[in-house]
Amino acid sequence: MTSVFFIRHGIAAERGTYTNDGDRPLTDKGITKTQRIAQRCYDLGIRADLILSSPLVRAQQTADILKAERLAEEIQSSDALAPEGSIIHWLEWLNHWQPGSYNALIIVGHQPDLGHWAERLVWGESAGRLVVKKAGIIGVDISRIDSPIGTSELFLLTPPRYFIETFSN
């Protein structure tokens with residue numbers, strides 16, 4: 001079984017403030033909030049063999065924060081995780097991926113894709129009902145890598161405020 005943590009990028013600069021939307025960085029608030037979420041994930045024992053990230057700046061920055069907080073030691077970029085990316089391309093990648101000792105993967109991407117992908121993995125289709133807030137997390141256990149659509153199990157759906165409010169010192 002492989003655990004996949006779908007994590008949405010942190011709070012980013014407003015749309016339209018950059019010519020290329022992919023260049024929008026995290027705001028100072030987005031960095032701080034994402035760091036707090038990553039610290040809580042570490043405290044809860046969340047670890048992964050790899051962070052796979054969208055190539056957009058805000059997602060890459062989020063992945064860098066997760067790595068800095070020791071949730072995983074390696075980051076890779078995947079075009080399949082860019083907005084409107086392909087779950088089929090990601091599943092092809094996943095089918096060839098060799099997990100390490102944690103047997104877990106962190107995916108950093110965008111809404112609505114992350115919610116749609118989690119729904120497809122668990123229920124076989126997307127109804128657009130799972131929403132991942134900025135720096136929020138959905139956890140899905142995939143037991144059948146060769147056929148994960150509709151056969152996976154949702155084990156975590158957490159808005160960022162839960163991590164911050166519930167586990168704050």
Side-chain angles (χ1 to χ4, degrees), residues 1-13 22-83 85 87 89-91 93-111 113-115 117-118 121-122 130-143 145 148 152-169:
M1 181 175 317
T2 299
S3 295
V4 179
F5 296 91
F6 293 98
I7 301 178
R8 185 176 176 190
H9 64 79
I11 301 167
D23 293 336
R24 288 192 298 128
L26 297 179
T27 62
D28 289 342
K29 181 178 179 181
I31 291 169
T32 301
K33 188 174 186 179
T34 303
Q35 286 170 331
R36 291 180 68 195
I37 298 299
Q39 289 165 356
R40 298 300 177 251
C41 287
Y42 183 85
D43 292 344
L44 292 170
I46 294 174
R47 306 289 188 284
D49 301 299
L50 176 69
I51 299 168
L52 190 65
S53 176
S54 157
L56 277 63
V57 170
R58 56 194 178 270
Q60 290 287 317
Q61 288 178 306
T62 299
D64 289 339
I65 291 168
L66 300 174
K67 181 182 176 193
E69 293 298 333
R70 305 177 315 275
L71 299 185
E73 293 183 9
E74 182 183 356
I75 299 171
Q76 289 181 14
S77 182
S78 173
D79 289 339
L81 300 175
I87 190 172
H89 290 130
W90 173 69
L91 289 172
W93 175 90
L94 184 66
N95 200 33
H96 293 94
W97 178 59
Q98 297 295 313
S101 58
Y102 296 113
N103 209 17
L105 174 67
I106 294 173
I107 300 292
V108 179
H110 309 273
Q111 184 63 18
D113 297 337
L114 296 180
W117 288 19
L121 290 170
V122 175
L130 288 183
V131 176
V132 186
K133 299 288 186 183
K134 291 178 181 148
I137 304 170
I138 292 178
V140 175
D141 279 334
I142 298 176
S143 58
I145 296 294
S152 301
E153 182 177 316
L154 180 71
F155 70 87
L156 181 67
L157 176 58
T158 307
R161 72 174 152 66
Y162 175 79
F163 271 59
I164 293 172
E165 292 171 4
T166 303
F167 297 104
S168 55
N169 296 330

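Everything numeric here is computed off the predicted structure, so don't read it as measured data. Count residues from 1 along the sequence.
- Closest of all the heavy-atom pairs between L130 and A118 is CD1-CB, 4.0 Å.
- Distance check: I107 CD1 to I138 CD1 gives 12.0 Å after rounding to the nearest 0.5 Å.
- Interatomic distance, CD1 of I75 versus CG of L66, reported as 7.5 Å (0.5 Å rounding).
- Remark: E74 CD is packed, more than 12 non-hydrogen atoms of other residues, nucleotides or ligands lying under 6.0 Å away.
- In this structure, CD on Q61 lies 5.5 Å from CD1 on I31, to the nearest 0.5 angstrom.
- Looking only at side-chain heavy atoms (C-beta outward), S143 and E153 stay at 4.5 Å or farther from each other.
- Pairing each heavy atom of V131 with each of L157, the nearest pair is O-CD1, 4.3 Å.
- Residues D79 and P55 meet the side-chain proximity criterion, which asks for heavy atoms closer than 4.5 Å.
- Here NZ of K134 is found 9.0 Å from NZ of K33. Values are rounded to the nearest 0.5 Å.
- Contact check for C41 versus I137: side-chain heavy atoms found under the 4.5 Å cut-off.
- Residues A38 and L71 come closest through the heavy atom pair O-CD2, 3.9 Å.
- For the pair Q76/W93, a side-chain contact is recorded, criterion being any heavy-atom separation below 4.5 Å from C-beta on.
- In this structure, OG1 in T34 is found 11.0 Å from CD in Q39, a value given to the nearest 0.5 Å.
- Nearest heavy atom pair, residue Q60 against residue S77, reads NE2-OG, 3.4 Å.
- No donor-acceptor distance shorter than 3.5 angstrom exists from the side chain of D49 to the backbone of L105, with no hydrogens or angles considered.
- Taking 4.5 Å as the limit, some side-chain heavy atom of H110 sits within range of a side-chain heavy atom of S54.
- For the residue pair L114 and G109, the shortest heavy atom distance occurs at CD1-C, 3.7 Å.
- Considering only heavy atoms from C-beta on, L56 comes within 4.5 Å of P83 through its side chain.
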Distance-only check: which donor-acceptor pairs under 3.5 Å involve side-chain atoms of residues 3-12, not counting sequence neighbours?
residue	atom	partner	partner atom	Å
S3	OG	D141	OD1	2.6
R8	NH1	V132	O	2.9
H9	NE2	R58	NE	3.4

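- Within the 4.5 Å cutoff, the side chain of L52 has no heavy atoms near those of the L94 side chain.
- Distance check, rounded to the nearest 0.5 Å: CD1 of I106 to CZ of R47 gives 9.5 Å.
- For the pair I65 and L26, the minimum side-chain heavy-atom distance is below 4.5 Å.
- Contact record, I87 with W117: N-CZ2, 3.3 Å, taken as the closest heavy-atom pair.
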